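One structure below.
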Amino acid sequence: QVQLVESGGGLMQAGGSLRLSCAASGRPFSIYAIGWFRQAPGKEREFVAAISWPGDSTYYADSVKGRFTISRDNSKSTGSLQMNSLKLEDTAVYYCAIRAGRAVSRTAHDYAYWGQGTQVTVSS
């Protein structure tokens, strides 16, 4: 059974930084892309960032480009999302997800496994 566990969320003032981590266990796919999504109250889940296998390509939503950095450590089956210059509108529950293969997708439906989510709250 594949399990993804996110950590690193919390409360941060606008302009600050947080680093989210995602640990995969239970024999995920031999190769897989990692995506990060978020969902704010009353809104649909939206794409944030994704990284291909083995990590040579990264993609970002326009809203986070230049502020967030996605990375992965394949030896540890982990992924990370470094979030800098946080804004109030970054407040949401953040989810990591994986999909089989090298290529990423910006579509949540394309990801097979999801973490439980971690809350990020940005205050003024």
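As the structure is a prediction and not an experimental result, all values here were calculated from the model.
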Derivation and outcome, ring-ring contact (aromatic ring centres under 6.0 Å, His included), residues Tyr113 and Tyr32:
CA-CA 11 Å; Tyr113 295 101; Tyr32 54 91; 9.7 Å; no
Shortest non-hydrogen contact from [X] toward [Y]:
{"X": "Glu6", "Y": "Cys96", "answer": "OE2-N, 2.8 Å"}
{"X": "Gln116", "Y": "Val5", "answer": "OE1-CA, 3.7 Å"}
{"X": "Ala97", "Y": "Leu4", "answer": "CA-CD1, 3.8 Å"}
{"X": "Ser105", "Y": "Tyr111", "answer": "O-OH, 2.6 Å"}
{"X": "Gly117", "Y": "Val93", "answer": "CA-CG1, 3.8 Å"}
{"X": "Ser17", "Y": "Asn84", "answer": "OG-OD1, 2.9 Å"}

Rounded distance [0.5 Å steps], [atom1] in [X] versus [atom2] in [Y]:
{"X": "Leu20", "Y": "Ser80", "atom1": "CG", "atom2": "OG", "value": "8.5 Å"}
{"X": "Asp90", "Y": "Ser63", "atom1": "CG", "atom2": "OG", "value": "7.0 Å"}
{"X": "Leu81", "Y": "Trp36", "atom1": "CG", "atom2": "CH2", "value": "6.0 Å"}

Please step through side-chain contact (heavy atoms from CB on, under 4.5 Å) for the pair Gln39 and Tyr94, ending with a clear verdict.
CA-CA 7 Å; Gln39 188 166 18; Tyr94 284 72; over 6 Å; no
List the steps, then state whether side-chain contact (heavy atoms from CB on, under 4.5 Å) holds for Thr107 with Phe47.
CA-CA 7 Å; Thr107 304; Phe47 170 78; over 6 Å; no
Begin from the C-alpha positions of Thr78 and Cys22 and carry the test side-chain contact (heavy atoms from CB on, under 4.5 Å) through to its verdict.
CA-CA 5 Å; Thr78 58; Cys22 175; over 6 Å; no
Side-chain touch [X]/[Y], heavy atoms, less than 4.5 angstrom:
{"X": "Asp56", "Y": "Pro54", "result": "yes"}
{"X": "Leu11", "Y": "Ser123", "result": "yes"}
{"X": "Thr118", "Y": "Arg38", "result": "no"}

Enclosure of Gln13 CD (heavy-atom neighbours >12, cutoff 6.0 Å)
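Not more than 12 within 6.0 Å, no.
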Output yes when Lys65 and Asp62 qualify as a salt bridge under the 4.0 Å nitrogen-oxygen rule, no when they do not.
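The answer is yes: the pair qualifies as a salt bridge.
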Hydrophobic cluster identity match, [X] and [Y], side-chain contacts under 4.5 Å:
{"X": "Met12", "Y": "Val120", "value": "yes"}
{"X": "Val122", "Y": "Met83", "value": "yes"}
{"X": "Ile70", "Y": "Ile31", "value": "yes"}

Under the 3.5 angstrom rule, does the side chain of Ser57 hit a backbone N or O of Ser52 as a donor-acceptor pair?
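No, the answer is negative, given that no donor and acceptor are paired below the 3.5 Å cut-off.
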Between the side chain of Thr91 and the main-chain N/O of Thr121, is any donor-acceptor distance below 3.5 Å?
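No; zero donor-acceptor contacts below 3.5 Å.
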With Thr69 via side chain to side chain contact (heavy atoms under 4.5 Å, CB included) - residues at least two apart
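Partners of Thr69 by the side chain to side chain contact (heavy atoms under 4.5 Å, CB included) criterion, ordered by chain and then number, come out as Tyr60, Gln82.
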Is the charged tip of Arg45 near the ring of Tyr95: under 6.0 Å from the six-membered ring centre and within 45° of its axis?
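Relative to the ring axis of Tyr95, which defines the angle, Arg45 lies inside both limits.
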Stepwise, does the side-chain contact (heavy atoms from CB on, under 4.5 Å) test hold for Trp53 with Arg72?
CA-CA 9 Å; Trp53 177 276; Arg72 64 187 298 163; 3.1 Å; yes
State yes or no: are the ring centers of Phe37 and Trp114 separated by less than 6.0 Å?
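Distance test on ring centres: under 6.0 Å, yes.
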